[in-house]
Amino acid sequence: MAVSKVSGSHPLSIIPLDFELDIGTVADIDLDPMIADWSKDSAKQTRSEGSHTLDELSEDPLNPEHFISIQGTPHGQALFVGRRRLPLPEQWTNPDFPFVRALPNGNILISDTGFALANGKNTWILSNQGDICAHFGIGSAAVDVFGLLGGVIAVAYHPMSAKRFGHRIEPQQRTAIAFFDSHGRLISSYNHEASRQNIWADNVRCMTRISPVELLFAPEKCTSHGENVDNPIVLYNCASKESIVFSAPYKAPEAISMHQTRDGIPWILLASPDGFEDQVIAFDPVRKISHYLGAFVGIFRGLAVPSQHRYGRMLQGDTQKSRSLEIQPAMDFSSDRICGGFLAQEFAAGYDWISPSDGELEVYEANGQTSHHDEARTEGDLQHDTNPDLNSNL
């Protein structure tokens, strides 16, 4: 399998994912939910047969045996749990861009994004053996879907893209992120919860689950106490209902993730931001440090290796300001490391895992003065595209 092409130096680590395809191509993949079972105890990881500790996951998180995937062609698709093949529901229409997501209790969520089921029951929850546990609708043109602790399902929407591609705009799409229970009942929304902090978001471009209770997402618009936030990035803790709003150096990324250094410093990763297609920028939102990581072909989505629970412990030291609003960070990133990066799809059947090279971000962590506000330096290094076709999958 060909390795994705990287330009310039080598600050990105690229690992090909060697799938042994049974039928067609890989349409979507996620980490197998049975690797780490979070369902029994919020403070203790349980292990099933064949499961791995988080330390083991950090050493080898990308073994194809650890993934679930939907494979196939427009004429037929199947669900794979590792190498084990399971049939999809009879109503499945073999869409070009389906969702398959691991749920924390070991079940699997699949969603049919085709037009035929757009206004009906287009989402299923299956057991690890393929049995149907629930069947419901999440509406049309979802941007991304993730399962959270406690049976909550988060669905992000971009209503303007939905309208552009011929879908009708539905009420839940105006909420930025809708939260469903495991039976498909709408139980809350991001804008409803965030209104307590006077925060509002709209048109989510991308979203990544960075822990069983935390979402990182990039809306096109966000206001805080009535004031617009430039290039907004939001970190939302679904347990504490608290949001942290950051202003990124560039707007409109196609995918987003988070990667922590060995010392627990979180860096937010932006892929293909506006005008810089197929390129990755890391930035530390607390110290306002940016770092250009390089370019590669075929971005797909952000992914984070599962981390332990964080329920609102305070990040010591700095606070984050969004114009007149001061927000105290609600998460502690120092106790458990997030291995974040991106899935890249250079060819229909070829996936790569893209993440910062070991030690690359530690250099900037140790030398903040040199790299502080280095957007001006990265501007000249980036391969600028004056007419990018961003977010083509929406």
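One-based numbering along the sequence shown. Excluded from the calculations below are hydrogen atoms, water molecules and symmetry mates; all remaining heavy atoms, backbone and side chain alike, are included.
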Any chance you could lay out the side chain to side chain donor-acceptor pair (under 3.5 Å) test for S357 and E360, step after step, and finish with the verdict? CA-CA 5 Å; S357 298; E360 180 68 25; 5.5 Å; no
Closest heavy-atom contact between L293 and A282? CD1-CB, 3.9 Å
E254 side chain to A271 backbone, donor-acceptor under 3.5 Å: no
Does D278 have any salt bridge (Lys or Arg N to Asp or Glu O under 4.0 Å) partners at least two apart in sequence or in another chain, and if so, which? none
So, S257 side chain and G302 main chain: donor-acceptor pair closer than 3.5 Å or not? no
Passes side-chain contact (heavy atoms from CB on, under 4.5 Å), L126 versus I132? Steps please. CA-CA 5 Å; L126 308 177; I132 296 176; 3.6 Å; yes
From CG (L215) to CZ (F146), nearest 0.5 Å: 8.0 Å
Quick check, are the ring centers of F246 and F283 under 6.0 angstrom apart? no
Parallel, tilted or perpendicular: rings of Y190 and Y236 (30°, 60°): perpendicular
Where the side chain of D181 meets the backbone of H183, is there a donor-acceptor pair that is under 3.5 Å apart? yes
Whether S127 side chain and Q129 backbone form a donor-acceptor pair below 3.5 Å: yes
Using ring-ring contact (aromatic ring centres under 6.0 Å, His included) as the criterion, list what pairs up with F342, not counting sequence neighbours. none
Would you call I125 and F136 a side-chain contact if the rule is heavy atoms closer than 4.5 Å? yes
Taking every non-hydrogen atom, the tightest pair across A178 and L186: CB-CD1, 3.6 Å
Hey, are D202 and K221 close enough for a salt bridge, meaning a charged N less than 4.0 Å from a carboxylate O? no
Looking at M207 and V145, what are the two nearest heavy atoms and their distance? CE-N, 4.4 Å
Salt bridge between D144 and R101, side-chain N to carboxylate O under 4.0 Å? yes
Minimum heavy-atom separation for I256 to A218, with atom names? CD1-CB, 4.4 Å
Under a 3.5 Å distance rule, please check whether T113 uses its side chain to pair with a backbone N or O of F97 as donor and acceptor. yes
With heavy-atom distances below 4.5 Å as the criterion, would you say the side chains of L86 and V81 are in contact? yes
Heavy-atom side-chain proximity of I15 to S13 below 4.5 angstrom: yes
Would you say C339 and S355 make side-chain contact, with heavy atoms under 4.5 Å? no
Sub-4.5 Å side-chain heavy-atom contact between W353 and L343: yes
Taken to the nearest 0.5 Å, the spacing of N105 CG from N128 CG works out to 10.5 Å
Sub-3.5 Å donor-acceptor pair from the side chain of E362 to the main-chain atoms of R262, do we have one? yes
Could you pull out the closest heavy-atom pair between I210 and A304, with the gap in Å? CA-CB, 4.0 Å
Give a yes or no on whether the backbone of H225 and the side-chain of N198 come within a donor-acceptor separation of less than 3.5 Å. no
Say you draw a straight line from CZ of F217 to CD1 of I177; how long is it, rounded to the nearest 0.5 Å? 4.0 Å
Name the one of D112, D28, N122, I70 that satisfies side chain to side chain contact (heavy atoms under 4.5 Å, CB included) with P95? D112
Between C222 and V245, does the side-chain contact (heavy atoms from CB on, under 4.5 Å) criterion hold? Intermediate values first, please. CA-CA 9 Å; C222 184; V245 180; 4.2 Å; yes
Compare every heavy atom of C133 with every heavy atom of N107, then report the nearest pair and how far apart it is. ND2-SG, 4.2 Å
Would you say V280 ends up clustered with I14 if hydrophobic residues are merged whenever their side chains have heavy atoms under 4.5 Å apart, either directly or through other cluster members? yes
If we ignore hydrogens and angles and just use 3.5 Å, is the side chain of H135 paired with the main-chain N or O of K121 as donor and acceptor? yes
Q197 side-chain N/O to S243 backbone N/O, donor-acceptor pair under 3.5 Å: yes
Once rounded to the nearest 0.5 Å, what's the spacing between atom CD1 of I354 and atom CG of L303? 12.5 Å
Do R209 and L148 have side chains that get closer than 4.5 Å, going by heavy atoms? yes
Are the side chains of H158 and E220 in contact, using a 4.5 Å heavy-atom criterion? yes
I'd like to know if the side chain of S247 reaches the main chain of D230, judged simply by a donor and an acceptor atom lying under 3.5 Å from each other, with no hydrogens or angles considered. yes
Would you please test W92 and I110 for side-chain contact (heavy atoms from CB on, under 4.5 Å) and show each step? CA-CA 10 Å; W92 191 260; I110 58 173; 3.8 Å; yes
Interatomic spacing from CG in N228 to CH2 in W200 - rounded to 0.5 Å: 9.0 Å
Checking side-chain contact (heavy atoms from CB on, under 4.5 Å) for the pair F67/V26: CA distance, chi angles, key distance, verdict? CA-CA 11 Å; F67 282 93; V26 177; over 6 Å; no
Heavy-atom distance under 4.5 Å between the side chains of N94 and T73, does that happen here? no
Drop me the distance from S69's OG to L79's CG, to the nearest 0.5 angstrom. 7.0 Å
